[in-house]
Amino acid sequence: MVIGHGIDKDLMNDILDCCREFFDLEEEEKSEYKGKHMLDPISYGASTDDPATAVLFRRNYLKVMVHPEFHSPSKPARFSKVLAEYSKAIRGVVRELLGGILESLGLESSYMDRAFNLESGQMLSVANQYPPCPQHELAMGLPPHTDPALLTVLIQNGTDGLQVQHKGKWLNASIVPGDLFVNINDQLEIFTNGKYKSVIHRAIVNNRKTRLSIAMANGPSLDTIINPAPELLCSVSQPAAYAGMKYKDYLEIRECIRLVKVIKS
Ligand SMILES: O=C(O)CCC(=O)C(=O)O
Ligand SMILES: [Fe+2]
């Protein structure tokens, strides 16, 4: 949890309101964004659209690429302005956090631009809406997963539902409005050669209130290959435990694995 991050609370409430207003639009207005490919600049969808997730999962989502190119749905009217401002603020916090993480490993914070190409890094805004579900104990919002990027920064509308796996147990993440919940992602696990682990998490649903969360996923640029940092390796005691690949290929392989699961189910 990150507090004292300096992001205006009104801005956090505004972006949550904009996402809620987007989900409240008529279905025809949202349908132009129905996603086809995971690298579409804007994609809107529901777990019920996908045969693999239709029965068990209850989630609507809106994914928007906000960096290095900025995109935004045209409605609600102020969405674009608020999303641009919020993305910029999150990028600032992420730079600070990554700098601290690199220093904690004895590395220079300038690694961020050399190794991650953060200046042209891919940033994806993922808004998740989980409507109340009468049989909530039989359903789920999002299945257990790790996020593929470097760091994800999440906020929510005051209703909990995120769970994090720790020592084999699911722990509820209670997120205070105004705080930022930050997860380590796969590319950072690779870079640190497993010293920092990508966090396994999932979202559960409730039978009372709609939950809204916004996860800002901050990755390297799509062409970057992240390898374990040579400074953290020793050929005898700490050999590289991961093989790097282009971030774009990594994302595509993950998507293929997901689709294979859909076909098999
Ligand atoms: O809604 C949540 O709390 C989790 C969202 C999430 O894990 C994601 O968007 O990757
Ligand atoms: Fe996630």
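Just follow the structure's listing: the first ligand is 1, and inside any ligand the first atom is 1.
Defined by atom type and a distance below 3.5 Å, a donor-acceptor pair is present between the side-chain atoms of Y196 and S104. Looking at Y250 and D186, their side chains do bring a donor and an acceptor atom within 3.5 Å of each other.
Within a 6.0 Å sphere centred on NZ of K197, heavy atoms belonging to other residues, nucleotides or ligands number more than 12.
Here the rule is side chain to side chain contact (heavy atoms under 4.5 Å, CB included) with I7, and of I155, V2, V93, I15 only V93 fits it.
Annotation: F191 is not in aromatic contact with Y242 [ring centroid separation under 6.0 Å not met].
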Show me a pair-per-line table, with atom names and distances to 0.1 Å, of protein N or O atoms that are under 3.5 Å from an N or O of ligand 1.
unit_1   : atom_1 : unit_2 : atom_2 : d
ligand 1 : 1 (O)  : Y130   : OH     : 2.6
ligand 1 : 1 (O)  : R211   : NH1    : 3.2
ligand 1 : 1 (O)  : S213   : OG     : 2.6
ligand 1 : 3 (O)  : R211   : NH1    : 3.1
ligand 1 : 3 (O)  : R211   : NH2    : 2.8
ligand 1 : 7 (O)  : H145   : NE2    : 3.1
ligand 1 : 7 (O)  : H201   : NE2    : 3.0
ligand 1 : 9 (O)  : N128   : ND2    : 3.1
ligand 1 : 10 (O) : H145   : NE2    : 3.2
ligand 1 : 10 (O) : D147   : OD1    : 3.3

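Angle NE2(H201) to the Fe ion (ligand 2) to NE2(H145): 90° [nearest 10 degrees].
By the criterion of side-chain heavy atoms lying less than 4.5 angstrom apart, applied directly or through intervening Ile, Leu, Val, Met, Phe, Trp or Tyr residues, L25 is grouped together with F79 in one hydrophobic cluster.
For the Fe ion (ligand 2), the nearest N, O or S atom contributed by D147 is named OD1.
Note that the CG atom of L188 and the CG atom of L150 stand 6.0 Å from one another [nearest 0.5 Å].
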